[in-house]
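First comes the structure, then the notes that go with it.
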Amino acid sequence: MAGGTGRRTSSGSPVKPLDGDRLAALALGDSIGRVPGVGPKRAQDLAKLGVDTVQDLATLWPRRHLDRTTLTPIRDLQSGTVATIRGRVEALNERFTGRGQSVLKVRIGDSSGHVEATFFHARWIKRQLAPGTEVMLSGRIESFRGRPTMTHPDLDVLSSGETPRLGLVPVYPLAGDLKQRFMQDLLSRVIPHLVYKMADPLPESLKAEEHLADRAWAILHQHFPETLEDLERSRRRLVFDEFLRMSLAVLWLHRADGQHYAPKLNPDNPLLRRFLEALPFDLTDGQKDAWRDIRRDLGASKPMARLLQGDVGSGKTMLAALSMLTAVGSGYQAAMMAPTELLAEQHALSLEKLMEPLGIPVLLVTGRPGREREVTYSRLASDEPLIAIGTQALVSERVSFGRLGVVVVDEQHRFGVRQRADLSQKGLFPHMLVMTATPIPRTLALTVYGDLEVSQIRGLPPGRQPIQTVHVPMKERRAAYQKVLEAVKGGRQAYVICPLVEESEESQGRAATLLAEGMQKLPGWRVGLIHGRMSAQEKSTVMEAFREHRLDVLVGTTILEVGVDVPNATVVVIEGADRFGLAQLHQLRGRVGRGSHASACYLLADPATAEGEARIQAMTETQDGLILAERDLEIRGPGEVLGMRQHGVAGFQLANPLKDLALLERARERARHILTADPGLTHPDHAGLKNWVFEALEAALPSHVLH
Ligand code: ADP
Ligand code: MG
């Protein structure tokens with residue numbers, strides 16, 4: 001198989017006689033530019049992928065492998081299977097959809113028959129595919145009018161006379177001008193020399209007891225497996241490592257937690273009672289259950305560390321408010337952290353409204369410099385009971401709290417470990433509540449946060465009507481906007497979410513701008529625009545106008561994904577819905593259905609992939625976040641489930657925290673054992689593990705926390 005020995009590269013770049021010796025002489029820490037064939041430009045592009053040194057290549061994991069162990073003659077293709085074919089381009093036909101998107105149909109033939117491949121948005125693909133070009137295609141076979149077709153298959157253009165890579169072919173992430181073929185060649189040349197120089201941090205006894213492969217073997221076979229079994233065995237070892245490393249790091253960090261105390265707060269204080277009496281509604285049973293857990297924690301001196309899970313719209317903010325009131329009513333300060341400034345502002349606005357009658361100050365803390373900021377900072381540093389709302393700026397080095405009792409972290413898993421470490425660095429051990437709409441298995445919560453307890457808000461507030469969710473094909477797009485118009489005429493408001501283009505907020509913002517400009521021209525529509533590249537000031541002005549119903553329609557990007565709460569908004573249109581992840585779609589849909597009016601979500605898409613179609617179908621079938629999380633897992637398979645990777649839970653690259661739960665538990669158990677027996681990791685057998693722990697912590701934490 002290609003690259004298995006490091007010698008057999010494709011004939012496109014023949015192995016030079018001295019290459020092996022020069023590669024063997026490389027040290028792990030050498031800069032990547034020292035590898036023969038990597039010049040300054042490529043070194044720069046590799047740096048974008050996080051590869052600065054030779055050793056960084058080892059963990060530049062393939063995103064997946066193409067199964068090119070067998071080539072199938074086109075005649076034998078069977079619908080529903082995944083196959084690889086080799087053939088020549090016979091004909092091309094490009095057409096454009098109503099919205100100017102290109103759809104490229106390519107007929108490929110071998111000596112046994114023809115297959116039609118469809119590519120979307122694929123001008124660059126078209127350029128590579130002159131008739132007569134030899135190609136290899138891998139992908140799922142579908143059938144259209146009895147003929148085999150492939151939609152967006154993986155494409156390899158073979159230059160004339162070239163021997164293609166066969167076997168299980170790794171597919172690497174790319175950046176800049178890097179080409180897949182170059183990456184495959186580079187890795188297949190370097191990895192075999194590299195892995196045997198790398199130390200294996202696991203003690204032999206542990207490997208034997210857990211039936212784990214050697215790390216060198218595992219790395220080599222993660223890149224260049226010969227069989228799927230090898231790939232799985234390799235993955236098992238590497239995933240175990242990720243979990244062990246994370247578990248050790250978190251346990252290490254919280255070794256000393258037991259010795260710290262948080263203030264005992266009074267959850268029956270008069271302020272809190274007044275607040276509850278004045279509430280226009282009763283807490284839901286789900287909120288009451290969660291509140292029982294939280295108030296018990298707040299009344300004790302052990303710092304609370306609790307994860308609050310509740311589906312979109314279940315009313316988590318109310319529990320944040322109750323927790324913070326418990327602090328303020330007991331003479332302490334409370335802080336709430338949100339992932340974005342926009343969300344922090346929204347929270348500040350709604351909490352101000354709730355707190356004003358009680359005379360409790362709510363301060364918005366942003367990173368923006370100015371006189372106001374200095375005043376805010378000095379109030380935080382005093383022991384005035386107050387509520388502070390902000391982003392990470394709240395835990396920056398410049399901020400200090402005089403009397404912090406409670407910290408709430410909203411909608412962000414990544415926060416938690418890091419925030420606690422930052423705060424403990426300041427000598428603060430407040431009660432901490434982390435809130436999320438994404439269900440996380442308990443074991444994972446334990447691993448990521450050390451000792452987090454989990455509460456769940458079951459159910460939604462009463463009177464909510466199901467959100468009617470409809471898939472609208474592009475050619476019926478106008479019908480969806482007709483519904484928007486009807487809602488607006490009826491006094492309601494609507495969101496329009498623009499398609500994700502190239503996964504970049506910038507181009508999504510451009511799309512939003514165009515769309516908003518178009519709609520602003522229509523008489524009778526009061527349309528606002530919001531995207532990530534606007535200034536914070538502009539964003540909050542628009543948000544305020546929408547909240548106050550001076551705008552009917554808000555056109556925006558995924559920055560509207562979390563937290564925005566305008567109960568009068570009843571319609572959300574999601575353009576290019578097939579491009580969004582399921583968790584994201586669910587969050588976006590959750591912007592409506594927050595009041596008592598009937599709401600609707602229109603998913604505009606002509607799905608370009610089977611996965612996109614499956615996601616849309618799942619959305620139309622259920623509104624339950626838990627079920628959607630499970631469907632997400634099925635659809636995506638191993639990989640970026642729960643948005644863990646996007647949310648950057650440090651250290652998990654190969655692990656799928658949901659599927660690998662058993663392995664996670666084993667690793668956690670091992671980590672506990674190791675640290676019980678050797679709390680300082682001073683045993684010579686544990687030197688490698690200690691390095692790992694420090695690397696993991698350094699990646700996640702500022703270094704001053706460690707020493
Ligand atoms: P999420 O859990 O998504 O953060 P929010 O806290 O934003 O949800 O709450 C969604 C909406 O439900 C808000 O408008 C809030 O005022 C309202 N709400 C919260 N609790 C209740 C309740 N017990 N009864 C009625 N409405 C509620
Ligand atoms: Mg929320």
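In this text, all values refer to a predicted model and were calculated from it rather than measured experimentally. One-based numbering, in listed order, for ligands and for the atoms of each. Heavy atoms only: backbone and side chains are in, while hydrogens, waters and symmetry mates are out.
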Using modelled atom types only, decide if a donor and an acceptor are shared between the side chain of [X] and the backbone of [Y] within a distance under 3.5 Å.
X	Y	value
Q333	L380	yes
R579	A605	no
R591	Q587	yes
Q520	V527	yes

Looking only at heavy atoms, is any part of [X] under 4.0 Å from ligand 1, and if so is it the side chain, the backbone, or both, or is it neither?
X	answer
L283	backbone
D311	backbone
I457	neither

What atoms of ligand 1 come closer than 4.0 angstrom to any heavy atom of [X]?
X	result
V312	3 (O)
R594	3 (O), 5 (P), 7 (O), 8 (O), 9 (O), 10 (C)
D282	22 (C), 23 (N), 24 (N)
T317	4 (O), 5 (P), 6 (O), 7 (O)
S314	2 (O), 8 (O)
D565	11 (C), 13 (C), 14 (O)

Quiz item: Among H347, Q287, M435, whose heavy atom sits nearest atom 20 (N) of ligand 1?
Solution: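 Going through H347, Q287, M435 one by one, Q287 has the nearest heavy atom to atom 20 (N) of ligand 1.
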Quiz prompt | Nearest neighbour of atom 12 (O) of ligand 1 from the list R464, M318, K288, on a heavy-atom basis | solution = R464
Quiz item: Purely on distance, is any nitrogen or oxygen of G313 under 3.5 Å from one on ligand 1?
Solution: yes
Practice problem: May I ask you to check whether Y602 and Y481 place their ring centers less than 6.0 Å from one another? | Solution: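 When the ring centroids of Y602 and Y481 are compared, they turn out to be at least 6.0 Å apart.
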Would [X] and [Y] pass as an ion pair if we require N to O under 4.0 Å?
X	Y	result
E486	R492	no
K316	D410	no
R295	D268	yes

